[in-house]
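Here the structure comes first, spelled out in structure tokens, and everything after it is commentary.
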Protein chains: 2
Amino acid sequence: MVLTLSVKKGRTAMSAAQETSGGEMQPWSEVTPDAARRLLVAAVEAFAERGYHATTTRDIAGRAGMSPAALYIHYKTKEELLHRISRIGHDKALDIVRSAAEGEGTAAERLSDAVRSFVRWHAGQHTTARVVQYELDALGPEARAEIIALRRQVDAEVRSIIQDGVEAGDFDVPDVPGTTLAVLSLCIDVARWFNVDGPRTPDEVGALYADLVRRMVGFKE
Amino acid sequence: MVLTLSVKKGRTAMSAAQETSGGEMQPWSEVTPDAARRLLVAAVEAFAERGYHATTTRDIAGRAGMSPAALYIHYKTKEELLHRISRIGHDKALDIVRSAAEGEGTAAERLSDAVRSFVRWHAGQHTTARVVQYELDALGPEARAEIIALRRQVDAEVRSIIQDGVEAGDFDVPDVPGTTLAVLSLCIDVARWFNVDGPRTPDEVGALYADLVRRMVGFKE
DNA sequence: GAAGGCGCTAAGCGCTCGCTCAGGTTCGGG
DNA sequence: CCCGAACCTGAGCGAGCGCTTAGCGCCTTC
């Protein structure tokens with residue numbers, strides 16, 4: 001049996017996203033109808049707190065103010081929820097890096113922009129990012145493969161900026177793939193340790209990390 | 001009811017560890033008797049592959065070649081298994097960092113040593129490290145608090161090396177706690193992405209990361 | 001070679017999980 | 001005013017979970 005899903009599959013990623021006064025995208029605005037979005041937001045919170053496997057469908061439905069059965073009107077399985085979250089989150093992450101990579105400016109400026117905004121997202125949306133970056137293994141093989149492909153695109157964008165800097169003679173990087181890996185690893189891990197009650201704002205972490213990465217690539221003033 | 005556990009609790013962490021010809025410690029040699037160790041090793045593998053919550057006690061026992069009930073002769077609960085793994089692993093990690101921190105040499109040399117050996121452990125023992133670093137949330141409050149205390153000691157060791165370098169005028173670090181956090185985050189995340197079939201050996205990753213961290217602290221030749 | 005107990009297994013208990021399904025409620029269109 | 005579709009709930013199914021218990025075989029001890 002095939003259920004009709006209310007979340008529109010063909011919708012281009014961020015086209016319907018609404019902007020707030022702060023300029024940030026209102027997250028999940030592309031998920032409709034309202035009940036499906038509430039369930040998804042509840043799932044993000046629950047997965048981030050307890051992890052995918054420790055979260056029950058009853059918990060998700062409860063947070064969304066619905067009965068356990070309501071979940072299965074909008075999503076085929078619990079795994080589909082994780083898949084949608086992961087897909088939308090990775091689309092957003094790739095979008096962020098790509099914007100910086102395709103921007104104007106020197107390699108150093110583009111790398112700083114990329115790291116700053118990537119880190120800001122991982123800190124500011126650390127609830128989402130934690131699910132997106134650390135619950136990948138809970139997906140089935142096809143879904144995981146799809147997400148891994150997106151990750152490789154993120155990696156390629158960052159590597160190409162660093163490569164540009166090396167070729168322009170601005171950076172000193174003996175091992176470009178290795179350094180790319182390290183830079184991304186550093187940024188992604190922000191989602192694991194970032195704490196809203198901690199001493200640093202997402203902006204401050206972004207600035208700190210942009211500086212650290214500038215040093216890692218041996219940028220010459 | 002209180003079961004008598006066969007794993008001796010009072011044993012000092014690494015005192016009974018046996019060295020192999022390679023100079024590496026034989027992991028888990030301090031866990032006795034043999035059946036308890038086999039169960040623990042099986043649990044490490046299973047937790048690393050699937051995560052704590054997705055691993056069943058039947059799976060652990062099966063990997064150790066025993067019936068599900070055998071697990072409860074040696075461990076009170078599944079969580080106690082994770083606790084022991086986490087405790088021993090963190091003891092080892094702290095030991096590694098502390099050895100480097102207390103060594104002779106300049107701050108730059110000690111920092112490089114610490115990062116190199118810390119990373120080498122996270123890569124070489126990435127199965128263990130993954131459990132130790134990423135399954136912390138599955139522990140109960142008291143056990144988690146104990147582990148977090150160990151982590152703070154690791155953080156303190158690294159911060160003190162960096163602080164030494166700053167005070168000696170060797171390093172240029174505007175934000176010592178932030179940089180310490182970033183360095184540790186970078187090293188720990190190795191456990192997440194390291195792949196035995198990948199292009200890099202643990203030694204190579206250690207060398208690469210020691211160099212990257214040297215740059216992050218602005219070491220002046 | 002009988003006694004005692006340690007380490008283990010077979011069987012299964014009580015529970016909660018992901019998920020299903022029949023039926024009730026709401027609401028726009030004819 | 002009624003129909004059909006969309007949405008949601010209450011009740012619960014089968015499965016698999018963590019963990020327990022009764023008892024068996026095999027070592028050690030005398």
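The chains referred to below are lettered A, B, ... by the order of the sequence lines, with proteins before strands, and numbering in each begins at 1. No experiment lies behind these values; they were computed from the predicted model shown. FYI, side chains are in, hydrogens and waters are out, and symmetry mates aren't considered; it's all heavy atoms of this structure.
- Put simply, the side chain of R58(B) and the base of dG18(D) share a donor and an acceptor less than 3.5 Å apart.
- Between the C1' atom of dC8(C) and the CZ atom of R38(B) lies a distance of 11 Å, rounded to the nearest Å.
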>> Could you walk me through whether H83(B) and E146(B) satisfy the side-chain hydrogen bond (donor to acceptor under 3.5 Å, both in side chains) test, starting with their C-alpha distance in whole Å, then the side-chain angles of each, then the deciding distance to 0.1 Å, before giving a yes or no?
In response: CA-CA 10 Å; H83(B) 184 195; E146(B) 176 193 326; 3.1 Å; yes
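- Applying the 4.0 Å criterion to OP1 and OP2 of dA6(D), one finds that H74(A) has every side-chain N and O outside that range.
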> Are R152(A) and D155(A) close enough, and set up right, to give a salt bridge (Lys or Arg N to Asp or Glu O under 4.0 Å), and what steps lead you there?
Replying inline: CA-CA 5 Å; R152(A) 262 200 283 272; D155(A) 188 90; over 6 Å; no
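- Atom OH in Y75(B) sits about 16 Å away from atom C1' in dC8(C), given to the nearest Å.
- Taking atom CG on L39(B) and atom P on dG7(C), their separation rounds to 13 Å, with Å as the unit.
- Just one residue in the list R151(B), H126(B), R192(B) forms a side-chain hydrogen bond (donor to acceptor under 3.5 Å, both in side chains) with Q133(B), and that residue is R151(B).
- Residue contacts shown for T56(A) are limited to sugar-phosphate atoms, with no base heavy atom under 4.0 Å away.
- With dC19(C), dC8(C), dG10(D) as the choices, the nucleotide that has an atom nearest any side-chain atom of I73(B) turns out to be dC8(C).
- Per the geometry, CG belonging to L71(A) stands 15 Å off P belonging to dC7(D), to the nearest Å.
- Of the side-chain N and O atoms in S67(A), none sit less than 4.0 angstrom from OP1 or OP2 of dC8(D).
- Residues R37(A) and W28(A) approach most closely at CD-O, 3.1 Å, considering heavy atoms.
- The side chain of Y72(B) contributes an N or O atom lying less than 4.0 Å from OP1 or OP2 of dC19(D).
- Each of dC19(C), dT9(C), dG18(D) was ranked by its minimum atom distance to the side chain of A70(B); first place goes to dT9(C).
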